[in-house]
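Order of the sequence lines fixes the chain letters, A, B, ..., with proteins taken first and strands second; residue numbering starts at 1 for each chain. Predicted model, so just to flag it, every value in this text is computed and none were measured. Values below: all heavy atoms of this structure, side chains included; hydrogens, waters and symmetry mates excluded.
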Amino acid sequence: MSRIAAVFESLRTRRRPAFMPFVVAGDPDLRTTARVVETLVDAGADLVELGVPFSDPVADGPTNQRAYQRALAGGTQLAQVLDLVTALRRRHSVPIVLLSYFNPIVQFGQARFCVEAVRAGVDGVVAPDLPPDEADDLIAAARPAGLDTIFLLSPTSTDARIRLVAQRSTGFIYCVSLTGVTGAREHLSPDVSALVGRIRTHTALPVCVGFGVSTPEQAQQVGAVADGVIVGSAIVALLERSDGVVRLRELAGALRAALDGVTVGEAAP
Amino acid sequence: MKGRFGKYGGRFVPETLIPALEELEAAYERASADEVFQAELDGYLRRYCGRPTSLYQAERLTRLLGGPRIYLKREDLLHTGAHKINNTMGQVLLARRMGKARIIAETGAGQHGVATATAAAMFGLECEVYMGAEDIVRQELNVYRMRLLGAKVVPVESGTRTLKDAINEALRDWVTNVRSTFYVIGSVVGPHPYPTMVRDFQSVIGRETRAQILQETGRLPDALVACVGGGSNAMGLFYPFKDDASVRMVGVEAGGLGIPTEHHAATLVAGTPGVLHGAYSYLLQDAGGQIRGTHSVSAGLDYPGVGPEHSFFKDTGRAEYVAVTDDEALEGFRMLARTEGIIPALEPAHAVAYLRTLVRTMRRDQTVILGLSGRGDKDVQHVARLEQG
């Protein structure tokens with residue numbers, strides 16, 4: 001069983017949602033990212049999602065765009081992110097998911113990427129601009145390598161799309177909570193619960209919700225209906241501050257505590 | 001495979017947009033098979049935009065260069081001053097059919113923004129145009145025109161602050177407002193069905209040209225030449241000739257300060273295949289797949305990607321792609337003004353400049369047709385500033 005599957009199975013028996021923080025690798029440098037991951041794991045992250053820097057992140061709002069720019073300015077690209085994962089793996093067994101726009105993977109070579117990512121200790125990949133229809137080559141390389149391919153669904157997804165994504169995803173499904181780009185929002189979309197419910201009628205894969213989830217309260221609401229909660233921009237925004245790593249410990253702890261207070265399948269208090 | 005040109009093209013976009021692209025594809029297929037739609041579009045192109053445009057024999061330019069007979073396909077005479085309106089009329093009519101009340105677009109030189117704002121104004125639709133902050137400075141006249149037409153111009157400060165970033169921002173808007181909004185893409189780029197749809201709307205250029213040259217000379221031209229940024233005017237001119245094997249097709253890219261300097265936008269000449277803005281096509285990128293900054297004197301060619309069908313034409317050899325520098329393009333700009341009394345836009349000035357090279361490979365009894373995609377009014381101030389150094 002893959003590390004991702006094992007984590008979700010363990011959480012499922014306890015009916016606890018996973019806490020999956022996202023940070024951009026190399027923001028502003030790889031040493032900082034290593035410390036940040038350490039902090040997140042200490043605070044109870046169940047999985048860690050690392051963003052691979054890209055010059056043209058069309059699915060991202062301004063906060064993550066700035067983080068990608070800082071990481072690129074520091075010289076971090078896909079090859080360096082894999083080195084970082086290799087180093088992290090010496091100390092941590094937490095599942096690591098790479099989020100990468102498709103072109104860096106294409107230029108790296110899709111087959112080579114899958115092999116080297118798994119060798120480094122990566123467990124899954126999400127490419128926000130790669131729908132499953134275009135992913136034959138990546139899937140063909142990922143399956144034998146043992147790399148999970150995680151595809152996305154959104155509020156606009158039809159039942160046909162949900163079936164296709166469910167069929168081609170392994171590990172979990174990444175459910176985008178809203179129509180829009182990444183970034184903190186004041187309010188959660190009220191339709192998240194219905195969307196997750198609709199996805200569940202087509203698949204037994206864990207469903208994790210991201211985009212626009214930034215506060216412990218929002219995480220708690222999402223955690224009551226989803227198998228995992230992905231928090232990105234709120235964490236990335238903290239890291240722009242000089243006291244970012246200290247504040248991160250507080251936020252990650254608060255998110256963890258909020259999620260410990262909910263049971264998947266029961267409405268949040 | 002649908003939406004593919006050989007291995008190029010495809011639909012590489014966030015999942016949120018897939019249903020919208022499927023809806024667009026279905027609506028476009030219905031419209032293109034619908035005689036009522038085609039007649040409506042044709043009527044607007046004739047009565048509102050000024051089609052057909054003339055095919056003009058440039059006799060003084062021909063004598064100056066001393067080679068084949070040169071004809072100009074005068075898209076510069078169209079309403080709004082460039083070929084862009086062929087496409088925006090088509091897409092805005094389609095948006096209206098689909099019941100979308102809000103139009104967004106990206107623009108580089110501002111010509112597509114103006115053409116979109118024009119079509120939106122004519123049909124009373126809300127319009128927002130994303131434009132790189134750098135381009136807003138270079139093309140302030142077009143910014144003012146868009147505002148006069150009632151469009152909101154949104155400056156894009158991210159990335160390189162040019163066309164590439166304007167497309168990123170338009171895509172982000174579309175992901176956010178996808179249910180109510182129609183994204184009018186300005187070139188033969190983007191996810192399927194855009195490269196096909198924009199090509200079809202622009203093919204009116206080549207269809208007219210083909211009929212006009214046959215009527216005038218009784219035979220097909222020997223060569224076609226047009227500038228290529230995203231490549232919509234070139235594709236519009238080339239496509240109806242693609243099965244005429246005797247017709248040579250030459251796309252001219254922006255060589256900027258020169259290919260070896262890396263300050264250029266010659267994607268097909270110097271790029272490699274990759275994925276940007278929804279399609280697999282040639283790109284200017286680094287070894288890690290990061291998109292490179294580009295440079296061109298012409299904002300409309302200042303783009304690190306190119307339409308996927310051009311990539312296909314390059315690989316199959318159906319068309320050839322070359323580059324000319326900023327300085328050569330400026331020389332072409334002046335040459336056409338002085339010999340023919342036509343001030344071209346800086347984009348087709350690249351194709352004009354390449355004529356000097358092209359004519360040396362051709363005989364005097366042959367003919368070449370240049371796609372004069374737009375007029376140069378928008379560039380006059382910019383060129384004057386460059387001349388003052």
Side-chain angles (χ1 to χ4, degrees), chain A residues 52-62 65-66 68-69 71-72 75-81 100-109 113 126-136 151-158 160-162 164-165 173-176 178-183 211, chain B residues 1-4 7 9-23 156-160 163-181 190-192 272-281 283-293 304-305:
Chain A
V52 175
F54 185 53
S55 53
D56 295 83
V58 294
D60 282 288
Q65 287 175 41
R66 286 195 300 272
Y68 284 131
Q69 284 303 322
L72 286 174
T76 299
Q77 294 218 25
L78 178 53
Q80 289 75 38
V81 178
S100 175
Y101 285 85
F102 192 42
N103 197 46
I105 296 174
V106 171
Q107 302 310 319
F108 198 86
F113 166 74
V126 187
D129 57 347
L130 180 70
D133 326 47
E134 302 282 1
D136 289 354
F151 293 100
L152 299 97
L153 285 167
S154 93
T156 61
S157 298
T158 57
R161 296 299 304 172
I162 294 175
L164 180 67
V165 163
I173 287 173
Y174 192 132
C175 172
V176 175
L178 43 77
T179 55
V181 294
T182 60
F211 283 46
Chain B
M1 201 162 114
K2 225 169 170 183
R4 290 278 178 172
K7 63 182 178 181
R11 192 176 267 171
F12 297 88
V13 294
E15 182 67 30
T16 305
L17 293 179
I18 297 284
L21 290 168
E22 288 173 346
E23 180 193 0
V156 177
E157 300 283 355
S158 59
T160 56
L163 178 55
K164 160 180 90 80
D165 310 284
I167 296 179
N168 289 344
E169 218 47 49
L171 283 168
R172 290 179 185 122
D173 180 314
W174 202 29
V175 167
T176 306
N177 302 297
V178 59
R179 292 188 178 98
S180 65
T181 298
H192 177 63
T272 51
V275 173
L276 177 70
H277 295 151
Y280 184 68
S281 193
L283 294 179
L284 292 171
Q285 57 185 331
D286 71 14
Q290 310 298 333
I291 309 308
R292 272 187 21 209

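Atom OG of B/Ser158 and atom CZ of A/Arg66 lie 11.0 Å apart (nearest 0.5 Å). Distance check: B/Arg292 CZ to A/Ser55 OG gives 11.5 Å after rounding to the nearest 0.5 Å. Annotation: the span from A/Asp133 atom CG to B/His192 atom NE2 amounts to 11.0 Å, rounded to 0.5 Å. Between the CD1 atom in B/Ile18 and the OG1 atom in A/Thr156 there is a gap of 9.0 Å [rounded to 0.5 Å]. Distance check, rounded to the nearest 0.5 Å: OH of A/Tyr101 to CG of B/Leu276 gives 12.0 Å. Here the CD-CG distance, from B/Gln290 to A/Leu78, works out to 9.5 Å after rounding to the nearest 0.5 Å.
Contacts of A/Leu72 with chain B are made by side-chain atoms alone, with heavy-atom separations under 4.5 Å and no backbone atom involved. Using a 4.5 Å cut-off between heavy atoms, B/Ile291 touches chain A through backbone and side chain atoms alike. Interface residue A/Phe102: only side-chain heavy atoms are found under 4.5 Å from chain B. Only the backbone of A/Pro128 comes within contact range of chain B, with at least one heavy atom under 4.5 Å from a heavy atom of that chain. Only the backbone of B/Ala287 has a heavy atom closer than 4.5 Å to any heavy atom of chain A. Of the atoms belonging to B/Pro273, it is backbone heavy atoms, and not side-chain ones, that fall under 4.5 Å from chain A. Interface remark: B/Pro14 contributes backbone and side-chain atoms alike to the contact with chain A (heavy atom separation under 4.5 Å). Proximity to chain A (any heavy atom under 4.5 Å) is restricted, for B/Val178, to the side chain, taken from C-beta onward. Heavy-atom distances place no part of B/Ile167 under 4.5 Å from chain A, backbone and side chain included. Both the backbone and the side chain of A/Val181 come within contact range of chain B, each with at least one heavy atom under 4.5 Å from a heavy atom of that chain. The contact between A/Pro57 and chain B is made by backbone and side chain atoms together, counting heavy-atom distances below 4.5 Å.
By the 4.5 Å heavy-atom criterion applied to side chains, B/Glu15 and A/Pro132 are counted as neighbours. Taking 4.5 Å as the limit, every side-chain heavy atom of A/Asp129 sits out of range of all side-chain heavy atoms of B/Val13. Within the 4.5 Å cutoff, side-chain heavy atoms of A/Asp56 are placed close to those of B/Asp165. Counting heavy atoms from C-beta on, the side chains of B/Asp286 and A/Gln77 come closer than 4.5 Å.
Checked by atom type and distance alone, the side chain of B/Thr16 never pairs as donor or acceptor with a backbone atom of A/Ser154 at under 3.5 Å. Looking only at distances, a side-chain donor or acceptor of A/Asn103 sits under 3.5 Å from a matching main-chain atom of B/Gly289.
With chain B as the partner, the residue from A/Leu152, A/Ile105, A/Val106, A/Val176 showing the most heavy-atom pairs under 4.5 Å is A/Leu152.
A salt bridge does not link B/Arg11 with A/Glu134: none of the charged nitrogens is closer than 4.0 Å to a carboxylate oxygen.
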